[in-house]
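Heads up, the thing below is written out as structure tokens.
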Amino acid sequence: MPEITSVRTTAEAIGRISCIKTGEEIGLLYRWDNGETQAALHNDGEPIAQHNSELTTEPDIGGKRS
């Protein structure tokens with residue numbers, strides 16, 4: 001049986017990911033139009049995207065917001 005692939009076209013930022021030690025924003029959490037979530041972590045100014053299946057813990061989106 002062929003594997004079904006989902007097409008993601010747009011994403012909306014739904015939360016900020018903050019460092020629990022410093023409170024500094026380290027990334028953003030996105031929800032795609034197909035319902036999937038994805039974390040995009042900052043790395044020296046360049047975002048690094050991680051698919052939700054690659055995450056081992058849930059990101060903290062309830063931190064301090066600017």
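Only a predicted model underlies this, so the values are computations on that prediction, with no experimental measurement involved. Counting from 1, the numbers follow the sequence of the chain as shown.
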What's the spacing between I14 CD1 and Y30 OH if we round to 0.5 Å? 10.5 Å
Quick one, R16 with L29, criterion side chain to side chain contact (heavy atoms under 4.5 Å, CB included). Give me CA distance, side-chain angles, the key distance, then yes/no. CA-CA 6 Å; R16 298 176 191 272; L29 182 64; over 6 Å; no
Grab the two heavy atoms, one from I26 and one from S18, that are nearest each other, plus how far apart they are. CG1-C, 4.1 Å
